[in-house]
Amino acid sequence: MVVVLAGGVGAARFLRGLTAVVPPEDITVVVNVGDDIELHGLRICPDLDSITYWLAGLVHPEQQWGRDDERFTVRDELVRLGHAPWFTLGDRDLALHLHRTAQLREGVPLSTVTADVAARHGLTLRLLPVTDDRIETRIHTADRRDLHFQEWWVGERAGPDVDRVEFRGADAARPAPGVVEAIRDAGTVIVAPSNPVVSVAPITAVPAVASALAATSACVVGVSPIVGGRVVRGMAHRLLPAVGSSVDAAGVAGWYGARRDGGLLDAWIVDATDVSSLEAVRGLGLAARAMDTLLDDPEVAAALARGVLELAEDAGRAP
C-alpha cells in the first residue's frame with residue numbers, strides 16, 4: 001500500500017500520475033485540513049475538494065482549482081447584498097459545501113463525509129482528512145496581525161510579510177480513523193510536491209501522525225515543490241524563509257530533515273534542473289534522484305510516480 005501526504009493542486013497533479021501506475025485501491029491519501037475555513041456558515045475544505053475534482057476529471061482546466069463548467073449566480077447575488085467576494089465560490093462547488101456542512105451538523109465525522117463524497121465522484125482510492133478535529137493554519141504577519149491562512153493568501157494575496165506560522169489546534173488533534181494504521185502498514189510513504197509549510201506541516205503537526213511517520217518501516221520519499229530555485233505554484237517562497245528554510249530543493253529537504261536525525265524523510269526527488277543539489281541532499285543522509293517534476297503532462301506525472309517508487313525500493317535495500 002502507498003500512503004501520500006497531500007495538500008492541494010501539487011498533490012492532485014502528482015496523484016493523477018500515481019493512480020496510473022498503482023491501483024487506486026492500494027493508495028491512501030492523507031490530506032491537510034489546516035486550510036479549511038467556514039464562510040457563509042459553510043465548511044469549505046479546499047485541499048480535499050481540489051484532489052477530488054482533479055481525480056474525478058472535474059477541475060477547472062485553466063485555474064487548476066474549483067469546478068469546470070461553473071456558474072456564479074449565488075456569488076453575484078451575495079455581492080448585490082453587500083458581501084465582499086474575496087473568496088469566490090461557484091454554484092456547483094457550493095453544493096458540495098452545503099452537503100458537507102449538513103452532514104457535519106448532524107454529527108457525521110469529516111472522514112466519513114469525505115469517503116462518501118469521494119465514492120459519489122467515482123474515486124476508488126482512500127481519501128482521508130488527517131483529522132476529524134479542527135486545525136487552523138494561522139499566519140502571524142510582521143505587522144502583528146493574526147490571519148487565517150485563506151485571509152492572508154486569498155484575501156490579501158500573500159502580501160503581508162510573515163513572522164510565523166501557527167497550526168492552531170494541532171497539538172490536541174487526533175488522527176482520523178485509519179490514518180495511523182495506513183502509515184504503519186504502508187509499503188511506501190510519499191510526501192507530495194505540496195507547499196511544505198501550509199500543506200505538509202499541518203499534517204505532521206498532529207502528534208500521533210508524527211509518531212507514526214517516525215515509526216513506520218516504510219521508506220518516506222518526498223518530491224521537491226521547488227524547480228530551479230522557484231516555486232511551481234502558490235506562495236511557498238513567502239513562507240519558507242519564515243520557518244527557516246531557503247527556497248531551493250536542498251534547503252527544503254534540509255528543513256524536512258532525515259528520519260535518522262528525527263526528521264521526516266528517507267529520500268528526496270529533485271527536479272532535473274536541480275541536479276546540482278543532489279550532493280547536498282545526499283549529505284543530509286537522504287537517498288536522492290533528479291527527474292522531471294513539472295506535472296502538466298499526465299505521462300510525466302506517471303513517470304515521476306514510477307521514479308518515486310523505484311527510489312523508495314532502492315533506499316529500502318540500502319544498508
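FYI, the numbering just counts along the sequence from 1. As the structure is a computational prediction, the values presented were derived from the model and not from experiment.
Proximity of W153 to I139: side-chain heavy atoms (C-beta onward) are nowhere separated by under 4.5 Å. When side chains are defined from C-beta on, S245 counts as touching V252, because their heavy atoms get closer than 4.5 Å. No side-chain heavy atom of E25 sits less than 4.5 Å from a side-chain heavy atom of L125. Here the side chains of R260 and D266 are not in contact, with every heavy-atom distance at 4.5 Å or above.
Counting only residues at least two apart or on different chains, the side-chain hydrogen bond (donor to acceptor under 3.5 Å, both in side chains) pairs with a member in residues 269-281 are D271-T273, D271-T293.
Rounding to the nearest 0.5 angstrom, the gap separating the SG atom in C45 from the CG atom in D35 is 10.0 Å. For the atom pair CD (E136) and CD (E38), the distance works out to 10.0 Å, reported to the nearest 0.5 Å.
Here the shortest heavy-atom pairing between G222 and L265 reads N-CD2, 3.8 Å.
A side-chain contact (heavy atoms from CB on, under 4.5 Å) with V31 holds for exactly one of I203, L128, L48; it is L48. Screening V21, L18, L311 against R306 for a side-chain contact (heavy atoms from CB on, under 4.5 Å) leaves a single residue, V21.
Side-chain atoms of E166 and H140 form a donor-acceptor pair, as typed in the model, at a separation below 3.5 Å. A side-chain N or O of Y53 and one of D93 form a donor-acceptor pair less than 3.5 Å apart.
Classified by interplanar angle (parallel below 30°, tilted 30° to 60°, perpendicular above 60°), the ring pair W152/F149 is tilted.
Around the CZ atom of R145, the shell of radius 6.0 Å holds more than 12 heavy atoms that belong to other residues, nucleotides or ligands. No more than 12 heavy atoms of other residues, nucleotides or ligands lie within 6.0 Å of CZ in R174, so this atom counts as exposed by the packing criterion.
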Extract all donor-acceptor atom pairs below 3.5 Å that involve side chains of residues 206-221 and protein atoms in other chains or at least two apart in sequence.
residue	atom	partner	partner atom	Å
S211	OG	P207	O	3.2
T216	OG1	I183	O	2.8
T216	OG1	A218	N	3.1

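Checked against the 6.0 Å centroid criterion, the rings of H40 and H83 qualify as a close aromatic pair.
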